[in-house]
Amino acid sequence: MRTITQRELRNESAAVLRDVQAGQSTIITRNGTPVAELRPVSVRRFVPRAVIVENGHRAPRIDAARFRADLDALVEADVDTDDDV
């Protein structure tokens with residue numbers, strides 16, 4: 001990860017943003033102190049509804065009561081709900 005000054009960001013913002021878009025994260029400093037981090041935004045992948053439906057049809061069927069019993073066996077039923085924690 002590279003580090004640049006606030007002045008470099010101001011003067012070379014187009015180049016800095018091109019580098020970030022290409023995958024490079026950058027720390028911005030002011031008076032030698034890190035104040036910000038520029039990093040690429042994760043790209044969202046669109047999955048068409050038809051693909052989700054098709055995968056749902058091919059997924060194994062589960063017994064809802066048995067699934068709930070398995071979950072209850074793994075998670076404590078007596079969860080402390082005090083807000084003082």
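The side chain to side chain donor-acceptor pair (under 3.5 Å) test applied to Gln24 returns no partner, not counting sequence neighbours.
For Arg66, the CZ atom is loosely surrounded, since the number of other residues' heavy atoms within 6.0 Å does not exceed 12.
Contact annotation: the side chain of Gln21 never approaches that of Pro40 to less than 4.5 Å [non-hydrogen atoms, C-beta and beyond].
The CD atom of Gln6 lies 10.5 Å from the CG atom of Asn11; values are rounded to the nearest 0.5 Å. Annotation: the span from Thr26 atom OG1 to Leu9 atom CG amounts to 9.0 Å, rounded to 0.5 Å.
Apart from Leu71 itself, the hydrophobic cluster it occupies contains Ile62, Phe67, where clustering links Ile, Leu, Val, Met, Phe, Trp and Tyr at side-chain heavy-atom distances under 4.5 Å. Through direct or indirect side-chain contacts shorter than 4.5 Å among Ile, Leu, Val, Met, Phe, Trp and Tyr, Ile52 is connected to Val47, Val51. Clustering of Ile, Leu, Val, Met, Phe, Trp and Tyr side chains at separations under 4.5 Å places Met1 together with Ile27.
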Verdict with reasoning, Ile28 to Leu38, per side chain to side chain contact (heavy atoms under 4.5 Å, CB included): CA-CA 8 Å; Ile28 312 301; Leu38 287 175; 4.1 Å; yes

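Applying the salt bridge (Lys or Arg N to Asp or Glu O under 4.0 Å) test to residues at least two apart or on different chains, the pairs with a partner in residues 11-31 are Arg2-Asp19. A side chain to side chain donor-acceptor pair (under 3.5 Å) check over residues 45-63, counting only residues at least two apart or in different chains, returns the pairs Glu54-Arg58, Asn55-Arg58.
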